[in-house]
Amino acid sequence: MAATLQSDCYVIILETILIAFFAIRMSKRIKGLDPMEKPKGIVLPVILLAEYIDGMVTESVGKENSRLLTPYIITITIYIFMSNTISLFGLASPTANLSVTLLLAIITWVLIQITEFKYQGTKGYFHSFLEPIPVMLPMNIIGKFSLLISLSVRLFGNIISGGIMMGLVYNFTQMLSNGIAGFLGAQGGVFNFLAPVLAPVLHAYFDLFAGAIQTLVFVSLTVVLIGNDVPEEIKKGII
């Protein structure tokens, strides 16, 4: 049997190309800015977003760690938000695919384990599985990996449920449009003329607002969970 790509793969490739192009363009424009002048146009919100994320990451993991973590957090912020809202343009949301959200959760999980190893050491890391008492070993192992399910399913479930709701709305408005047209004497199916009236408001909630909220939730959890394993003196820059 010949292997076939899921349709979501093409959307992911397109989205990756768009993000890469945008990042390159913004990088060139920011480098060419006059430091004595206030940024204008799209450069201003990009700089404000980067500064906000950098501040949030620095507060959670410390200045030294933020140099490595901030670029990743900015990248997934843009990627997840774009994935959540791309359905506004008639394309399937990549984050409505569990494979995508699981991969994002795995990356976050790996970063958490690296942070724990870094500050607890190998002995401290494996000893944490036996705390507070050795009999808790099975539960601690389950708890360690349950984060993968929690992060991935939360994002996947919220995005796919929005898509299902919008599908039901379009089916309902189509039936209602056919009913109204039939009442007026039209034969057969007709154009779904009620959808443009009801759908935009619902799209604004399920795609735009919910997409932004789920982006914030995933990014915030990533930063907080990694920051939980960083000692306070590192966060405050004491050492």
Side-chain angles (χ1 to χ4, degrees), residues 4-19 49 52-53 56-57 60 69 72-116 138-175 192 195 198-229:
T4 57
L5 287 174
Q6 296 182 18
S7 59
D8 290 342
C9 292
Y10 299 105
V11 179
I12 292 170
I13 292 171
L14 173 62
E15 184 179 340
T16 303
I17 292 172
L18 292 175
I19 292 175
L49 175 64
Y52 171 77
I53 294 176
M56 178 178 65
V57 174
S60 294
L69 187 60
Y72 167 68
I73 297 300
I74 292 175
T75 301
I76 64 169
T77 299
I78 297 173
Y79 180 81
I80 295 175
F81 178 73
M82 187 173 179
S83 296
N84 291 350
T85 58
I86 203 169
S87 56
L88 288 170
F89 303 96
L91 299 174
S93 297
T95 41
N97 186 320
L98 185 57
S99 299
V100 175
T101 59
L102 180 59
L103 180 58
L104 291 169
I106 289 173
I107 296 173
T108 291
W109 185 84
V110 169
L111 290 174
I112 293 171
Q113 308 315 305
I114 291 174
T115 305
E116 290 182 359
M139 296 302 297
N140 285 335
I141 293 175
I142 294 173
K144 183 72 70 174
F145 290 95
S146 64
L147 179 62
L148 291 172
I149 300 174
S150 174
L151 282 175
S152 59
V153 172
R154 179 186 290 106
L155 179 58
F156 163 74
N158 279 282
I159 299 305
I160 198 171
S161 62
I164 292 172
M165 290 297 296
M166 289 308 304
L168 293 174
V169 168
Y170 279 113
N171 287 335
F172 173 73
T173 54
Q174 181 65 70
M175 292 174 56
N192 188 359
L198 299 177
V201 176
L202 296 175
H203 272 300
Y205 175 78
F206 286 114
D207 292 328
L208 194 57
F209 178 73
I213 292 297
Q214 292 308 313
T215 301
L216 179 62
V217 169
F218 190 95
V219 170
S220 298
L221 285 174
T222 297
V223 174
V224 170
L225 291 171
I226 294 174
N228 284 343
D229 297 305

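The residues of the chain are indexed from 1 along the displayed sequence.
- The main-chain N or O of Tyr79 is found under 3.5 Å from a side-chain atom of Ser83 such that the two form a donor-acceptor pair.
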Could you go through residues 103-110 and list every donor-acceptor pair under 3.5 Å that involves a side-chain atom there, pairing it with any protein atom two or more places apart or in another chain?
from   : atom 1 : to     : atom 2 : distance (Å)
Thr108 : OG1    : Leu104 : O      : 3.4
Thr108 : OG1    : Thr222 : OG1    : 3.2
Trp109 : NE1    : Lys144 : O      : 2.8

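- Ile226 places none of its side-chain heavy atoms less than 4.5 Å from the side chain of Ser60.
- Atom CD1 of Ile78 sits about 12.0 Å away from atom CG of Leu18, to the nearest 0.5 Å.
- Within the 4.5 Å cutoff, the side chain of Phe156 has no heavy atoms near those of the Leu151 side chain.
- Under the 3.5 Å distance criterion, the side-chain polar atoms of Asp229 are left unmatched by any main-chain donor or acceptor of Glu116.
- In this structure, CE in Met166 is found 12.5 Å from OH in Tyr205, a value given to the nearest 0.5 Å.
- Rounding to the nearest 0.5 angstrom, the gap separating the CZ atom in Phe209 from the CG atom in Leu202 is 14.0 Å.
- The OG1 atom of Thr101 lies 9.5 Å from the CD1 atom of Ile160; values are rounded to the nearest 0.5 Å.
- Not one N or O on the side chain of Ser150 forms a donor-acceptor pair closer than 3.5 Å with the backbone of Leu147.
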Inset, instruction - Any chance you could lay out the side-chain contact (heavy atoms from CB on, under 4.5 Å) test for Ile80 and Thr77, step after step, and finish with the verdict? - result: CA-CA 5 Å; Ile80 295 175; Thr77 299; over 6 Å; no

Inset, instruction - Report the C-alpha distance between Phe81 and Leu208 in whole Å, list the side-chain angles of each, state the deciding distance to 0.1 Å, and finish with yes or no for side-chain contact (heavy atoms from CB on, under 4.5 Å). - result: CA-CA 9 Å; Phe81 178 73; Leu208 194 57; 4.2 Å; yes

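- Side-chain atoms of Leu91 and Leu14, non-hydrogen and from C-beta on, do get closer than 4.5 Å to each other.
- Identified under the salt bridge (charged side-chain N to carboxylate O under 4.0 Å, His left out) test for residues 77-94, with sequence neighbours left out: none.
- At least one side-chain heavy atom of Leu221 sits less than 4.5 Å from a side-chain heavy atom of Arg154.
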Inset, instruction - Any chance you could lay out the side-chain contact (heavy atoms from CB on, under 4.5 Å) test for Asn84 and Leu155, step after step, and finish with the verdict? - result: CA-CA 9 Å; Asn84 291 350; Leu155 179 58; 4.1 Å; yes

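- Here the side chains of Phe145 and Ile141 are in contact, with some heavy-atom distance below 4.5 Å.
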